[in-house]
S.K.: 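Please read through the structure below; I'll follow up with questions.
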Amino acid sequence: MRRIFSKGVMIAALVLASTTVRGDWKTNLLYRTSSEGMPYRLFVPWGYDPANAYPAVLYLHSGGSEGTNNESHLQYELAMTNFMAAGAFLVCPQATNEYGWTVQQEVDRAHICLVEVQTNYNINSRRLYLAGVSRGGHGTWCMAATYTNTFAAINPMAAWGDGWTSSPSLWAPHLIHTPAWAMHSLDDTVIPWECDQHMVDEIGLAITNAGGSVNTNLLKLSLFPAAGHGQVCDRGYSETDIVAWLFSKELRRTEGSVFMSR
């Protein structure tokens with residue numbers, strides 16, 4: 001019988017698994033290569049039982065970690081170990097193109113990594129989550145807009161989206177059904193905080209234009225006063241309930257409805 005994790009089971013898994021994340025956390029991630037040649041690292045929850053359907057997180061790295069070594073893209077330990085402790089599958093692809101997740105083909109290849117994990121393991125298709133920082137945050141917005149009706153919730157950080165001077169946003173209409181919690185630092189000198197602000201504003205406008213109303217628990221932006229560009233991830237995963245927020249969301253496949261009104 002196929003069993004689906006309830007929220008209660010997920011909380012129990014968090015308590016249990018959090019005691020086993022020790023030592024070099026990277027050694028818990030398996031080396032994999034997709035059919036399209038993209039290297040990725042995979043965490044399989046401890047005590048994996050194929051009779052249960054597990055949540056999965058696709059995590060996109062920031063710029064400067066592109067390559068083929070399947071190592072240098074393992075960043076942001078706090079975020080990754082939080083997902084591991086929560087008993088979720090963690091899929092960490094490494095872009096091979098030097099421009100990373102700004103290239104649509106790389107975004108598509110990362111999605112293939114997730115699909116292959118879904119093929120090989122019992123993954124709850126209603127509990128897929130997507131997160132990334134900087135260039136990975138850009139990829140998060142892009143992938144969620146490209147593969148609509150796929151992710152239960154997303155967490156883009158320090159991202160520029162599809163351009164904060166571009167209005168209307170081309171991506172926003174495709175994101176009105178996807179809960180999003182964006183995070184940025186007000187003193188970010190690499191990517192202005194207005195970029196994520198713009199994406200949230202544009203999605204809100206798209207929701208309104210579609211006849212819906214914005215639910216601020218499902219479309220959120222956290223602005224940290226002094227996290228810079230590189231520390232926003234640690235701030236987000238240590239000072240907010242982002243992991244619990246993500247895992248509390250489940251995909252609803254009701255076409256034509258505006259999720260923000262529920």
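Residue indices begin at 1 and follow the sequence shown.
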S.K.: Do L58 and I112 share a hydrophobic cluster, counting only Ile, Leu, Val, Met, Phe, Trp and Tyr and linking them when any side-chain heavy atoms are less than 4.5 Å apart?
M.R.: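 No, separate clusters.
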
S.K.: Do the side chain of H73 and the main chain of G64 share a donor and acceptor less than 3.5 angstrom apart?
M.R.: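 Side chain of H73 to backbone of G64: no pair is present.
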
S.K.: Using the ring pair (Phe, Tyr, Trp, His ring centres under 6.0 Å) rule, take F247 and Y129 through it: C-alpha gap first, then chi angles, then the decisive distance, then the call.
M.R.: CA-CA 8 Å; F247 287 155; Y129 307 97; 5.1 Å; yes

S.K.: For a quick test of reading the model, state the closest non-hydrogen atom pair linking A56 to I123 and the distance between them.
M.R.: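 Residues A56 and I123, closest heavy atoms: CB-CG2, 3.8 Å.
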
S.K.: Group every Ile, Leu, Val, Met, Phe, Trp and Tyr by side-chain heavy-atom contacts under 4.5 Å, then state whether L74 and Y59 land in the same group.
M.R.: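 Per the 4.5 Å side-chain linkage, L74 and Y59 are co-clustered.
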
S.K.: Give a yes or no on whether the backbone of L170 and the side-chain of D162 come within a donor-acceptor separation of less than 3.5 Å.
M.R.: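 Confirmed, D162 side chain pairs with L170 backbone.
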
S.K.: As an exercise, state the distance from CE of M143 to OG1 of T148, rounded to the nearest 0.5 Å.
M.R.: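 With rounding to 0.5 Å, CE (M143) is 13.0 Å from OG1 (T148).
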
S.K.: Of all residues at least two apart in sequence or in a different chain, which pass the side-chain hydrogen bond (donor to acceptor under 3.5 Å, both in side chains) check with S65?
M.R.: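 Counting only residues at least two positions away or on another chain, S65 forms a side-chain hydrogen bond (donor to acceptor under 3.5 Å, both in side chains) with Q75.
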
S.K.: Side-chain heavy atoms nearer than 4.5 Å, only ILVMFWY residues, links allowed to pass through others: does that put L130 and V103 together?
M.R.: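 Hydrophobic grouping puts L130 apart from V103.
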
S.K.: Locate the shortest heavy-atom distance separating P93 from A110; write the atom from each residue and the value.
M.R.: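 For P93 versus A110, the nearest heavy atoms are CG-CB, 3.8 Å.
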
S.K.: For a 4.5 angstrom cut-off between non-hydrogen side-chain atoms, does T140 reach F151?
M.R.: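 Contact flag for T140/F151 side chains = no.
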
S.K.: Indicate, with yes or no, if the rings of W193 and H198 have centres closer together than 6.0 Å.
M.R.: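 Ring centroids of W193 and H198 are no less than 6.0 Å from each other.
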
S.K.: Apply side-chain hydrogen bond (donor to acceptor under 3.5 Å, both in side chains) to residues S72 and Q94 and explain how you reach the verdict.
M.R.: CA-CA 8 Å; S72 58; Q94 183 181 25; 3.3 Å; yes

S.K.: For the residue pair A158 and D188, what are the closest heavy atoms and their distance?
M.R.: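 Looking at all heavy atoms of both residues, the closest pair is CB-OD2, 3.9 Å.
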
S.K.: Do the side chains of V115 and L60 join up, straight or via other hydrophobic residues, at under 4.5 Å, putting them in one cluster?
M.R.: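 No; tracing contacts between hydrophobic side chains, which count when under 4.5 Å, never links both residues.
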
S.K.: Output the distance between atom CZ (R235) and atom CD1 (I242), rounded to the nearest 0.5 Å.
M.R.: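 Going from CZ on R235 over to CD1 on I242, the span is 15.0 Å.
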
S.K.: With rounding to the nearest 0.5 angstrom, report the CG to OG1 distance, L90 to T81.
M.R.: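 The CG atom of L90 sits 9.5 Å away from the OG1 atom of T81.
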
S.K.: Quick check: closest heavy atoms across A159 and G137, and the distance to 0.1 Å?
M.R.: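 Shortest heavy-atom separation between A159 and G137 comes out as CB-C, 3.3 Å.
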
S.K.: Taking atom CD of Q105 as the centre, does the number of heavy atoms from other residues, nucleotides or ligands within less than 6.0 Å exceed 12?
M.R.: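 It does not: Q105 CD has 12 such atoms or fewer within range.
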
S.K.: Rounded to the nearest 0.5 Å, what separates atom NE2 in H174 from atom OG in S169?
M.R.: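 Spacing of NE2 (H174) from OG (S169) equals 8.5 Å.
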
S.K.: For the residue pair L78 and S238, establish whether any side-chain heavy-atom pair is separated by less than 4.5 Å.
M.R.: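 A side-chain contact exists here, since the closest heavy-atom pair is under 4.5 Å.
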
S.K.: Check whether R126 reaches the backbone of L251 with its side chain - one donor and one acceptor, N or O, closer than 3.5 Å.
M.R.: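 A pair under 3.5 Å: yes.
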
S.K.: Step by step, would you call M38 with T33 a side-chain contact (heavy atoms from CB on, under 4.5 Å)?
M.R.: CA-CA 6 Å; M38 176 168 280; T33 302; over 6 Å; no

S.K.: Please collect all salt bridge (Lys or Arg N to Asp or Glu O under 4.0 Å) contacts where either partner lies in residues 167-179, sequence neighbours excluded, each pair once.
M.R.: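 Not a single pair qualifies under salt bridge (Lys or Arg N to Asp or Glu O under 4.0 Å).
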
S.K.: Checking N52 side chain against Y54 main chain: does a donor-acceptor pair fall under 3.5 Å?
M.R.: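 No; judged by distance alone, with no hydrogens or angles, the pair does not exist.
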
S.K.: What's the shortest heavy-atom distance between A79 and C233, and which atoms?
M.R.: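 The answer is CB-SG, 3.8 Å.
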
S.K.: Under 4.5 Å between any side-chain heavy atoms of S134 and I191, yes or no?
M.R.: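 Counting from C-beta outward, S134 and I191 do come under 4.5 Å.
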
S.K.: Quick one: are the ring centres of H138 and W160 less than 6.0 Å apart?
M.R.: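 Aromatic pair counts; centres sit under 6.0 Å.
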
S.K.: What pairs meet the ring pair (Phe, Tyr, Trp, His ring centres under 6.0 Å) rule with one or both residues in residues 215-246, with sequence neighbours excluded?
M.R.: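 As it turns out, the ring pair (Phe, Tyr, Trp, His ring centres under 6.0 Å) pairs with a partner in residues 215-246, which skip direct neighbours, are F83-Y237, W181-W245.
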
S.K.: Once rounded to the nearest 0.5 Å, what's the spacing between atom OG of S185 and atom CE of M157?
M.R.: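 CE of M157 is found 11.5 Å from OG of S185.
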
S.K.: Walk me through whether C92 and Y40 qualify under side-chain contact (heavy atoms from CB on, under 4.5 Å).
M.R.: CA-CA 5 Å; C92 304; Y40 68 97; 5.8 Å; no

S.K.: May I ask you to test the Q104-V107 pair for a side-chain heavy-atom distance under 4.5 Å?
M.R.: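 Side chain of Q104 against side chain of V107, heavy atoms only: contact under 4.5 Å found.
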
S.K.: Got a donor-acceptor contact below 3.5 angstrom from the E36 side chain to the R109 backbone?
M.R.: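 The answer is no, because no donor-acceptor pair under 3.5 Å joins these two groups.
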
S.K.: The test is side-chain contact (heavy atoms from CB on, under 4.5 Å); show your working for C142 and W101 and say whether it passes.
M.R.: CA-CA 8 Å; C142 178; W101 313 120; over 6 Å; no

S.K.: Shared ILVMFWY cluster between L205 and I203, side chains joined below 4.5 angstrom?
M.R.: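 Unlinked, L205 and I203 end up in two clusters.
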
S.K.: Looking only at non-hydrogen atoms, find the nearest pair between W171 and G161 and report the distance.
M.R.: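 Looks like CZ3-C, 3.4 Å.
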
S.K.: Quick one, V91 with V57, criterion side-chain contact (heavy atoms from CB on, under 4.5 Å). Give me CA distance, side-chain angles, the key distance, then yes/no.
M.R.: CA-CA 6 Å; V91 186; V57 179; over 6 Å; no

S.K.: Between the side chain of N155 and the main-chain N/O of A131, is any donor-acceptor distance below 3.5 Å?
M.R.: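 The answer is no, because no donor-acceptor pair under 3.5 Å joins these two groups.
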
S.K.: Measure from the side-chain N and O atoms of E106 to the backbone N and O of N97, and report whether any donor-acceptor pair falls under 3.5 Å.
M.R.: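 Flag set: sc E106 to bb N97 pair under 3.5 Å.
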
S.K.: For the side chain of D196 and the backbone of H184, is there at least one donor-acceptor N/O pair under 3.5 Å apart?
M.R.: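 The answer is no, because no donor-acceptor pair under 3.5 Å joins these two groups.
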
S.K.: So, R41 side chain and K26 main chain: donor-acceptor pair closer than 3.5 Å or not?
M.R.: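 Side chain of R41 to backbone of K26: a pair is present.
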
S.K.: Only one of T178, V200, D201, L175 forms a side chain to side chain contact (heavy atoms under 4.5 Å, CB included) with L219, so which one is it?
M.R.: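 Running side chain to side chain contact (heavy atoms under 4.5 Å, CB included) over T178, V200, D201, L175 with L219 returns exactly one hit, V200.
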
S.K.: Would you find a donor on one side and an acceptor on the other, under 3.5 Å apart, between the side chain of T208 and the backbone of G204?
M.R.: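 It does hold such a pair.
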
S.K.: Does E116 come within less than 4.0 Å of R32, counting only side-chain N to carboxylate O?
M.R.: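 A salt bridge is absent here (no side-chain N lies under 4.0 Å from a carboxylate O).
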
S.K.: May I ask you to check whether Y48 and F89 place their ring centers less than 6.0 Å from one another?
M.R.: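 When the ring centroids of Y48 and F89 are compared, they turn out to be within the sub-6.0 Å range.
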
S.K.: Rounded to the nearest 0.5 Å, how far apart are CD of E66 and NE2 of H61?
M.R.: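 Reported value, rounded in 0.5 Å steps: 5.0 Å.
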
